[in-house]
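What follows is a single structure, written as structure tokens, with notes after it.
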Amino acid sequence: MLRYDLHCHSTRSDGLLSPPDVVRRAAERGVDVVALTDHDELAGLAEAGEAAREAGIGFVQGSELSVTWRETTIHVLGLRIDGQNEALNEGLHAVRRGRDARARRIGESLAQAGIEDAYGGALAYVTSERLISRTHFARHLIDQGHARDMKDAFSRFLTPGKPGYVKHAWPTLAQAVGWIRGAGGQAVIAHPGRYKINGTDLRALVHEFSDLGGEGLEVVSPSHTNAQYDEFAALVRSCGLKASCGTDFHGPGESRFEFGDLPPLPAGAEPIWSGWQA
Ligand code: AMP
Ligand code: MN
Ligand code: MN
Ligand code: MN
């Protein structure tokens with residue numbers, strides 16, 4: 001059985017390794033098919049694909065799109081997208097521009113809490129001038145002694161009700177799924193267990209997503225408990241969707257699962273790759 005890892009990040013968004021290094025690490029650790037899914041970005045796909053060919057593993061062009069659904073930020077993975085698709089590229093370009101304005105507001109919010117020039121501090125952690133994320137703020141806050149680690153940083157700052165949180169309007173679910181499908185890809189809801197929504201809203205989200213042509217749900221993710229693997233596998237089956245899995249790897253020491261450590265999908269959930277040519 002091939003080992004799939006369909007969610008990870010490089011220096012093109014908020015990861016710590018370059019796209020080729022991400023792919024090489026996945027290959028060394030026994031992954032057979034890897035998808036690079038940088039946040040709102042496609043720029044690393046060509047060099048990652050080249051590295052995958054050299055390493056002799058399968059490669060899937062992906063991206064993780066930020067979406068606002070009923071006031072909640074959710075993430076939608078696009079898998080097997082055409083990285084050259086014009087509408088998708090233009091849409092994501094606008095999303096990244098919106099991130100710049102948001103980051104300045106995050107800096108202002110942290111200044112109100114007595115943390116000066118966090119925007120400048122975060123910029124020092126940015127690895128692609130095209131994209132700034134809360135992760136870059138978190139790394140700066142840790143470096144400055146305001147938080148112990150990533151988890152601590154996001155529990156003290158940058159999240160609803162905490163300093164450094166600013167509301168932001170990401171694209172709608174319909175826009176994101178539309179761009180992904182327009183680029184020939186499959187849309188997958190990332191880490192559903194992470195959203196602060198109740199079961200009724202989650203089912204509403206999944207149904208709306210499915211009606212828009214969304215195809216999958218990330219079932220196995222470090223954001224989920226073992227019980228949630230079974231819960232989301234059942235949800236996938238009842239909604240006629242497919243199951244995906246990914247480490248959401250951001251870098252050595254920053255992820256709960258390393259490449260190659262993903263448990264298998266629960267039995268009975270149809271994998272998102274079931275229709276793919278090997
Ligand atoms: P952004 O897209 O700028 O809103 O940043 C979201 C990113 O922040 C996620 O992709 C994660 O990499 C990181 N993140 C969010 N919440 C947490 C958390 N609780 N622990 C660790 N990383 C987090
Ligand atoms: Mn991230
Ligand atoms: Mn995510
Ligand atoms: Mn991710």
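Atoms within a ligand are numbered from 1 in the order they appear, just like the ligands themselves.
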message: Taking 4.0 angstrom as the limit and counting only heavy atoms of Asp14, give me the atoms of ligand 1 inside it, by number and element.
response: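 Those atoms are 7 (C), 10 (O), 12 (O).
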- prompt: Of all the atoms in ligand 1, which lie at a distance below 4.0 Å from a heavy atom belonging to Arg102?
  reply: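 That gives atoms 1 (P), 3 (O), 4 (O) of ligand 1.
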query: Any idea which N/O/S atom from Glu64 gets closest to the Mn ion (ligand 4)?
result: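 Nearest to the Mn ion (ligand 4) within Glu64's N, O and S set: OE1.
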Closest approach to the Mn ion (ligand 4) by Asp248, given as the N, O or S atom name: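 Asp248's closest N, O or S atom to the Mn ion (ligand 4) is named OD1.
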With a heavy-atom distance limit of 4.0 Å, tell me whether [X] approaches ligand 1 through its side chain, its backbone, both, or neither.
| X | value |
| --- | --- |
| His9 | neither |
| Glu64 | neither |
| Arg194 | side chain |

- prompt: Once rounded to 10 degrees, what value does the angle at the Mn ion (ligand 3) take between NE2 (His191) and ND1 (His75)?
  reply: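 Centred on the Mn ion (ligand 3), the NE2/ND1 angle is 110° (to 10°).
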query: Can an N, O or S atom be found in His39 less than 2.8 Å away from the Mn ion (ligand 4)?
result: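 It does not: His39 brings no N, O or S atom closer than 2.8 Å to the Mn ion (ligand 4).
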- prompt: Does His250 put an N, O or S atom under 2.8 Å from the Mn ion (ligand 4)?
  reply: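 Looking at His250, which is the residue asked about, there is no N, O or S atom under 2.8 Å from the Mn ion (ligand 4).
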task: Go through the steps to decide whether Asp100 and Arg104 satisfy the test salt bridge (charged side-chain N to carboxylate O under 4.0 Å, His left out), and finish with yes or no.
output: CA-CA 7 Å; Asp100 294 335; Arg104 288 192 172 81; 5.7 Å; no
field: Nearest neighbour of atom 19 (N) of ligand 1 from the list Phe137, Tyr165, Phe154, on a heavy-atom basis
entry: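 Residue with the shortest heavy-atom distance to the ligand atom: Phe154.
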query: Of the choices Thr135, Val95, Thr73, Leu158, which has the non-hydrogen atom that lies closest to atom 8 (O) of ligand 1?
result: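 Answer by nearest heavy atom: Thr135.
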- request: Quick one: sort the Tyr4 and Trp276 rings into parallel, tilted or perpendicular, breaks at 30° and 60°.
  value: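 Aromatic pair Tyr4/Trp276 classed perpendicular.
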- prompt: Any N/O of His39 closer than 3.5 Å to an N/O of ligand 1?
  reply: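 Yes, there is a polar N/O contact under 3.5 Å.
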